[in-house]
Structures are given as C-alpha cells and as structure tokens.
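Only a predicted model underlies this, so the values are computations on that prediction, with no experimental measurement involved.
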Amino acid sequence: LGMFSELKFPVPWGHVAAKAWGPSEGHPVLCLHGWLDNANTFDKLIPLLPRDCYYVAMDFSGHGLSSHRPAGSPYHFLDYVTDVRRVAAALQWRRFTLMGHSMGNAQLFFLSYCFISPQFCFLYPEMVDKLILLENLGFLLAPEDTEAWLKSERMVIDRLLSLEAKQQIPKARSPEAALQRLLEANRHLTAEGGAILLQRGATETPAG
C-alpha cells in the first residue's frame, strides 16, 4: 500500500485531484483531509490499514493539486460536501466508507461544530456503510432543525449536480424563437419588455 496512483476528476472550474492506494476492486474508502492540508495527510496511515481496500484520498478544491475555484468565489463548507458527492459519482461508487480528518470532519455551522464527513452521511445515508472520524467533535444540529436542513441541503446539491450533468453548448435560436422562449419562462413580461431584455441578454452568432 506504499505505492499510489494519481487521479483527476473534472469539475466545472477545472479538476479535483486525488491519490489512490490498493486494488481498485477492493472495498472503497474515501479519505477527506483536514484544514489547509491535502491528500498527503494519509501517506503514513494508509500503509498500516487493511490491504483489501481501495483508498482514495481527495484534495478538496483549492488544496493540494486540485483546481482553485474562480477568483472571488467563496469556499463554503457545503461546497466541500458537494465535492465529495462529485468524486463519488466520478468513481461510480454507490456505497463506500468515509474517513475524515480535521476539516474533513469540522466546520463552524450554526454556532456549533459539524463535519463534512458526517454531513455527507446525514445527507446521503444510503451511500455510506461506515464512518471513521479522526479528531472530531461530533455533528451538532438542533432536533427541530434536522428535517428542514436535510431536505434543503440535499436538494441544493442534487439540483446543482443535475444541472452540471446536463450542461451543453447553448442552442442558437432566431430572435423570434428566443423571445418566445423568454416569454414562456416569464409570464409577467410583455413582448416589448422581453425584446428590450434580449437586446442585452442574448448574444448574436452566425447561427442565430
């Protein structure tokens, strides 16, 4: 398990990098590093662990060899949870073990500490068979907030990833067709108002 391979997973702003140890057909384990760390956090630990697992340690966005988010973009902790979901999807893992350290566990949230790994488990319990936390404080969320938080945060992540999966080259339309589409999506607009918006909201190309 001392030998590893480098992985890259495409994301809209570049890629998420990762290191992998062990047989690819082994039991999947996703390893999440700590604050201002990177996937090398696990270099000394992985060789001591069971050899029949496939360990993938990702660099969170802006860490290690992963791409930084665009300049001026914030690094919200829910975005890190979304990165975990992206990597799991890229690996085609439907169920796996999560092992998180420090920031891989912790964040300040609603004036209490909660963790990226437990957050992911809370949002996608069907995808995680085991959770291993290194240096953690636990996932704290008021019981009355649980259902609403779970529903809203999972919806945010799932809708974002669904939109990314559907990304295509924008279709060219005639000015008339573009106006019709705008009016169908905005029932309160008049044809005159829609035409005014399209003057600045559409780009002319040779195809339309």
Side-chain angles (χ1 to χ4, degrees), residues 1-71 73-107 115-121 123-136 154 156-158 160-168:
L1 284 178
M3 301 294 292
F4 66 89
S5 58
E6 293 282 356
L7 305 176
K8 280 187 177 181
F9 308 104
V11 293
W13 59 91
H15 67 269
V16 169
K19 299 175 68 171
W21 294 262
S24 59
E25 68 277 6
H27 179 79
V29 180
L30 188 60
C31 308
L32 309 181
H33 66 75
W35 181 253
L36 298 181
D37 293 344
N38 55 57
N40 280 5
T41 290
F42 298 96
D43 277 9
K44 296 293 186 180
L45 176 61
I46 298 298
L48 305 177
L49 300 181
R51 295 179 173 271
D52 58 346
C53 294
Y54 183 50
Y55 302 94
V56 175
M58 58 182 283
D59 291 324
F60 283 117
S61 296
H63 296 69
L65 301 181
S66 288
S67 301
H68 287 73
R69 296 185 186 277
S73 299
Y75 285 78
H76 292 304
F77 280 89
L78 188 62
D79 295 331
Y80 292 131
V81 177
T82 307
D83 284 349
V84 174
R85 186 69 179 83
R86 286 188 177 98
V87 169
L91 290 166
Q92 298 183 338
W93 286 358
R94 295 188 175 182
R95 193 163 176 83
F96 55 94
T97 296
L98 262 181
M99 179 163 60
H101 169 253
S102 182
M103 185 188 75
N105 298 332
Q107 76 172 75
F115 310 113
I116 294 174
S117 299
Q119 273 191 66
F120 186 89
C121 293
L123 290 168
Y124 298 98
E126 73 279 7
M127 296 185 69
V128 180
D129 61 2
K130 294 178 184 177
L131 176 62
I132 303 168
L133 302 178
L134 311 175
E135 299 181 354
N136 76 90
R154 180 160 176 160
V156 167
I157 293 175
D158 289 347
L160 174 62
L161 297 184
S162 177
L163 285 173
E164 289 178 2
K166 295 177 181 177
Q167 277 189 345
Q168 300 173 346

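The side-chain heavy atoms of Val11 and Arg86, taken from C-beta on, include a pair separated by under 4.5 Å. Counting heavy atoms from C-beta on, the side chains of Leu7 and Met58 never come closer than 4.5 Å. Under the 4.5 Å side-chain criterion, counting only non-hydrogen atoms from C-beta, Phe60 is in contact with Ile116. Side chains of Thr97 and Leu30 form no contact here, defined as non-hydrogen atoms less than 4.5 Å apart. Considering only heavy atoms from C-beta on, Leu123 stays 4.5 Å or farther from Arg85 through its side chain. Under the 4.5 Å side-chain criterion, counting only non-hydrogen atoms from C-beta, Pro118 is in contact with Leu131. Looking at heavy atoms from C-beta onward, Val29 lies out of side-chain contact with Lys130 at the 4.5 angstrom threshold. At a threshold of 4.5 Å between non-hydrogen side-chain atoms, the residues Leu160 and Ile157 do not count as touching.
For Tyr124, the ring pair (Phe, Tyr, Trp, His ring centres under 6.0 Å) test picks out Phe120, with sequence neighbours left out. The side chain to side chain donor-acceptor pair (under 3.5 Å) search around His76 returns none, not counting sequence neighbours. Residues meeting the side chain to side chain donor-acceptor pair (under 3.5 Å) test with Gln92, sequence neighbours left out: none. For the side chain to side chain donor-acceptor pair (under 3.5 Å) test, no residue two or more places apart in sequence or in another chain qualifies with Thr82. Applying the side chain to side chain donor-acceptor pair (under 3.5 Å) criterion to Ser61, with sequence neighbours excluded, gives Asp83.
The main-chain N or O of Ala39 is found under 3.5 Å from a side-chain atom of Asp59 such that the two form a donor-acceptor pair. Judged purely by atom type and a 3.5 angstrom limit, Asn38 has no side-chain atom pairing as donor or acceptor with the backbone of His63.
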side-chain contact (heavy atoms from CB on, under 4.5 Å) between Arg69 and Tyr75, intermediate numbers included: CA-CA 8 Å; Arg69 296 185 186 277; Tyr75 285 78; 3.8 Å; yes
From CA spacing to verdict: side-chain contact (heavy atoms from CB on, under 4.5 Å), Phe96, Leu91: CA-CA 11 Å; Phe96 55 94; Leu91 290 166; over 6 Å; no
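With Cys31 as the fixed residue, the side chain to side chain contact (heavy atoms under 4.5 Å, CB included) test singles out one of Ile46, Leu49, Leu45, Thr41: Ile46.
Applying the side chain to side chain donor-acceptor pair (under 3.5 Å) definition to pairs two or more places apart or across chains, those involving residues 12-22 are His15-Ser67, Lys19-Asn40, Lys19-Asp43.
When ring centroids are compared, His33 and Phe42 stay outside the 6.0 Å threshold.
When all heavy atoms of Ala17 and Ser66 are compared, the pair lying nearest together is N-OG, 2.8 Å. Closest heavy-atom contact between Pro23 and Tyr54: O-CB, 3.0 Å.
Atoms CG and SG, on Asp129 and Cys121 in that order, are 9.5 Å from each other to the nearest 0.5 Å. Put simply, OG on Ser117 and NE2 on His101 are 11.0 Å apart, with the number rounded to the nearest 0.5 Å.
The environment of Arg95 atom CZ is dense: over 12 non-hydrogen atoms of other residues, nucleotides or ligands sit within 6.0 angstrom.
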